[in-house]
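Working notes for the structure below.
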Amino acid sequence: MSIYTLLGRSGEARRGRLSTRRGAIETPCFMPVGTRGTVKAMSPAELEELGAEIILGNTYHLFLRPGLDIIRAAGGLHPFSNWKRPILTDSGGFQVFSLAGLRKLEADGVRFASHIDGSRFFLGPVESMNIQRTLDSDIVMAFDECTPYPATWEEARKSLEITSRWERMSREQPLNDGQIRFGIVQGSTYADLRERSAREIVDIGFDGYAVGGVSVGESEPEMLAAVEAAVPFLPQEAPRYLMGVGTPRQIIESVARGIDMFDCVMPTRLGRHGTAFVGDGATLPVKAGRFAKDFTPIDPECGCYACRNFTRAYIRHLFNVGEILGVRLVTIHNLHYFLTLMRRIRTAIEVGSFEELRARFTV
RNA sequence: GGUGGGAUUCCCGAGUGGCUAAAGGGGGCAGACUGUAAAUCUGCUGGCUCCGCCUUCGGUGGUUCGAAUCCACCUCCCACCA
């Protein structure tokens with residue numbers, strides 16, 4: 001039985017449903033990032049109210065803290081965090097990239113020096129799968145090497161080969177009942193390598209496929225070209241996930257190229273830093289001094305809790321004095337923005353107005 | 001009334017003859033952020049016709065080649081003594 005049901009399409013854009021043991025997810029979808037077992041500043045109840053159907057967790061971070069003993073004793077990440085809907089856990093492959101200065105690549109994985117206290121530990125496909133089993137997430141990501149940017153063709157090829165090897169090892173590890181596993185395509189900005197990686201990963205065989213190694217510093221055209229190069233080699237009947245992307249326009253452009261799932265820290269991080277998403281992908285620096293006496297909501301058109309109840313002037317004040325409510329309100333607004341964007345995209349594909357919607361996102 | 005201490009750029013506060021438009025902090029302003037080492041980080045913060053010039057360190061007047069820094073007087077503030 002397939003985990004992915006195609007419900008409709010508009011060109012390459014797909015409207016679908018992803019089935020997990022903790023419920024279905026309507027796609028295209030956006031997954032808020034909860035690296036350390038919490039979507040920063042949000043309670044599970046708030047996330048549910050915002051309409052988040054699935055969130056992310058992270059293998060590397062949760063392995064370090066609180067550690068497997070505590071997660072195991074709690075009965076997994078779900079009971080530990082009281083989030084009842086699906087969780088996708090990243091494998092730690094992104095930390096191979098983001099913590100490049102603190103690790104050493106080896107044949108069967110990566111030797112890390114903890115970014116917290118410098119203590120050494122080893123994380124490879126076997127370890128990552130083991131940790132994700134303990135976390136008991138619903139979607140497990142294969143362990144990959146997120147290729148840095150820029151990379152020469154030769155470097156990208158070598159990195160891709162490491163990833164294929166590690167993903168094959170990942171695939172050999174057992175999972176808990178009902179857990180599903182996604183493979184990750186690498187290949188940097190090289191179309192031929194993207195194709196090769198996609199073929200190899202599909203050949204290994206996963207429940208879903210991710211395009212990784214994007215949003216690592218490359219230009220938007222390069223990112224979209226990487227998607228275009230990989231997607232044709234991914235099976236129609238499996239969900240496709242573009243990792244770490246992105247801006248509203250990048251999301252909609254990727255949907256137009258056949259992507260079903262997204263995650264990005266942008267709404268939550270920018271929320272904490274006082275920048276709100278408005279309109280058709282524009283940003284508004286709410287904490288800016290020019291809003292000191294602006295008694296309108298962040299976005300008058302928005303229906304989120306923050307916009308229904310608070311003004312720019314007040315939220316700016318909260319940031320100005322360092323009150324956590326400011327962080328929370330803009331996070332709520334931004335997550336509402338991204339989740340509503342996905343809802344609009346899904347509806348547009350259903351009713352045949354996707355290209356119309358897409359054309360509006362020019363920022 | 002007396003004695004002592006003090007007044008520095010938006011604020012606090014260093015600086016006691018040239019290396020000082022003046023440390024540091026705060027505040028303010030701007031920018032960055034894409035599978036989160038991030039409620040973080042970076043830059044700017046006297047003016048201008050801006051590779052140079054002008055104005056500024058309570059006020060006025062001196063000393064000196066040169067003063068925020070030394071001297072005199074004045075104004076205000078603080079502490080203690082009457």
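FYI, side chains are in, hydrogens and waters are out, and symmetry mates aren't considered; it's all heavy atoms of this structure. Lettering follows sequence order; numbering is per chain, from 1.
- For A/K287, counting side-chain heavy atoms from C-beta on, the closest listed nucleotide (B/A39, B/G31, B/U34) is B/G31.
- Taking the C1' atom of each, B/U20 and B/U9 are spaced 12 Å apart, rounded to whole Å.
- Among the protein residues, A/I184 comes within range of the nucleic acid bases, having at least one heavy atom under 4.0 Å from a base atom.
- In this structure B/U75 sits in a base pair with B/A7, meeting the Watson-Crick or G-U test at under 3.5 Å.
- Judged by Watson-Crick or G-U wobble contacts below 3.5 Å, the nucleotide B/C48 has B/G52 as its partner.
- Distance, A/I54 CD1 to B/G35 P: 15 Å, rounded to whole Å.
- Between B/G35, B/A37, B/A30, one nucleotide has an atom nearer to the side chain of A/H61 than all others, and that is B/A37.
- Comparing B/A30, B/G35, B/U36 by their closest approach to the side chain of A/T268 singles out B/U36.
- A salt bridge links A/R196 and A/E200; the closest N-O separation between the charged side-chain nitrogens and carboxylate oxygens is under 4.0 Å.
- Annotation: of the two residues near RNA chain B, A/G322 and A/E220, the 5′-most nearest-nucleotide partner is A/E220.
- Contacts of A/G289 with the nucleic acid, taken as non-hydrogen atoms under 4.0 Å apart, involve only primed sugar atoms and P, OP1 or OP2.
- Hydrophobic clustering (side-chain heavy atoms under 4.5 Å, transitive across Ile, Leu, Val, Met, Phe, Trp, Tyr) keeps A/M223 apart from A/M261.
- Counting non-hydrogen atoms under 4.0 angstrom, A/E222 reaches nothing in the nucleic acid.
- One cannot find a donor-acceptor pair under 3.5 Å joining the base of B/U36 and the side-chain atoms of A/S98.
- Between the CZ atom of A/F277 and the P atom of B/U34 there is a distance of 11 Å, given to the nearest Å.
- Rounded to the nearest Å, the gap between the C1' atom of B/A68 and that of B/G46 is 15 Å.
- Distances were taken from every side-chain heavy atom of A/N320 (C-beta onward) to each of B/G35, B/A39, B/G28; the shortest belongs to B/G28.
- Outside the 6.0 Å centre-distance limit, the rings of A/Y337 and A/F30 are not counted as a close aromatic pair.
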Task: side-chain hydrogen bond (donor to acceptor under 3.5 Å, both in side chains) between A/E218 and A/T189, worked out - done: CA-CA 8 Å; A/E218 80 284 8; A/T189 50; over 6 Å; no

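- For A/W83 against A/H78, the heavy-atom pair with the smallest separation is O-CD2, 2.8 Å.
- Nearest nucleotide to the side chain of A/T275, out of B/U34, B/C33, B/G35: B/C33.
- In this structure, A/Y305 and A/F310 have perpendicular ring planes: the angle between them is above 60°, well past the 30° mark.
- Within the structure, a side-chain polar atom (N or O) of A/R269 is placed less than 4.0 Å from OP1 or OP2 of B/U34.
- Listed nucleotides B/G35, B/U34, B/A37 differ in distance to A/Q95; the shortest reach to its side chain belongs to B/A37.
- Under the Watson-Crick or G-U wobble criterion, with both distances below 3.5 Å, B/G17 has no partner in any strand shown.
- The side chain of A/N58 places no N or O atom within less than 4.0 Å of a non-bridging phosphate oxygen (OP1 or OP2) of B/G35.
- Between the NE2 atom of A/H115 and the P atom of B/A37 there is a distance of 7 Å, given to the nearest Å.
- In this structure, A/G326 reaches neither bases nor backbone, as no heavy-atom distance under 4.0 Å exists between it and the strands shown.
- B/U75 and B/G27 have their C1' atoms separated by 30 Å, given to the nearest Å.
- Across all strands shown, B/G1 forms a Watson-Crick or G-U wobble pair with B/C81, both key distances being under 3.5 Å.
- Comparing B/U34, B/A37, B/A39 by their nearest atom to the side chain of A/V265 picks out B/U34.
- Rounded to an integer number of Å, the gap from CG of A/D263 to P of B/U34 is 12 Å.
- Distance, A/D90 CG to B/U36 C1': 11 Å, rounded to whole Å.
- The separation of B/A23 from B/C71, taken at their C1' atoms, amounts to 28 Å, rounded to a whole angstrom.
- A/M42 places its CE atom 18 Å from the P atom of B/U36, with the value rounded to the nearest Å.
- Following rounding to the nearest Å, A/Y209 (OH) and B/G35 (C1') show an atom-to-atom distance of 19 Å.
- Side-chain contact between A/I349 and A/R14 is absent, with no heavy atoms from C-beta onward closer than 4.5 Å.
- A distance of about 11 Å separates the P atoms of B/G15 and B/G6, rounded to the whole Å.
- Within the shown strands, B/U42 is the pairing partner of B/A30 under the Watson-Crick or G-U definition, both distances less than 3.5 Å.
- Contact between the side-chain N/O atoms of A/S215 and the OP1/OP2 oxygens of B/U34 is not found at any separation under 4.0 Å.
- The gap from the C1' atom of B/C12 to that of B/C80 amounts to 26 Å, rounded to the nearest Å.
- Ion pairing between a basic and an acidic side chain is recognised when a charged N comes within 4.0 Å of a carboxylate O; A/R328 and A/E46 show such pairing.
- Between A/I259 atom CD1 and B/G35 atom P the separation is 15 Å, expressed in whole Å.
- At the phosphate of B/U34, neither OP1 nor OP2 sits under 4.0 Å from any side-chain N or O atom of A/Q250.
- Remark: the separation of the C1' atoms in B/U56 and B/G2 is 36 Å, to the nearest Å.
- With C1' as the reference atom, B/G43 and B/C33 are 15 Å apart, rounded to whole Å.
- A/L56 comes within 4.0 angstrom of the backbone, heavy atoms only, and of no base.
- Residue-level contact check: A/A210 touches neither bases nor backbone, having no heavy atom under 4.0 Å from any strand.
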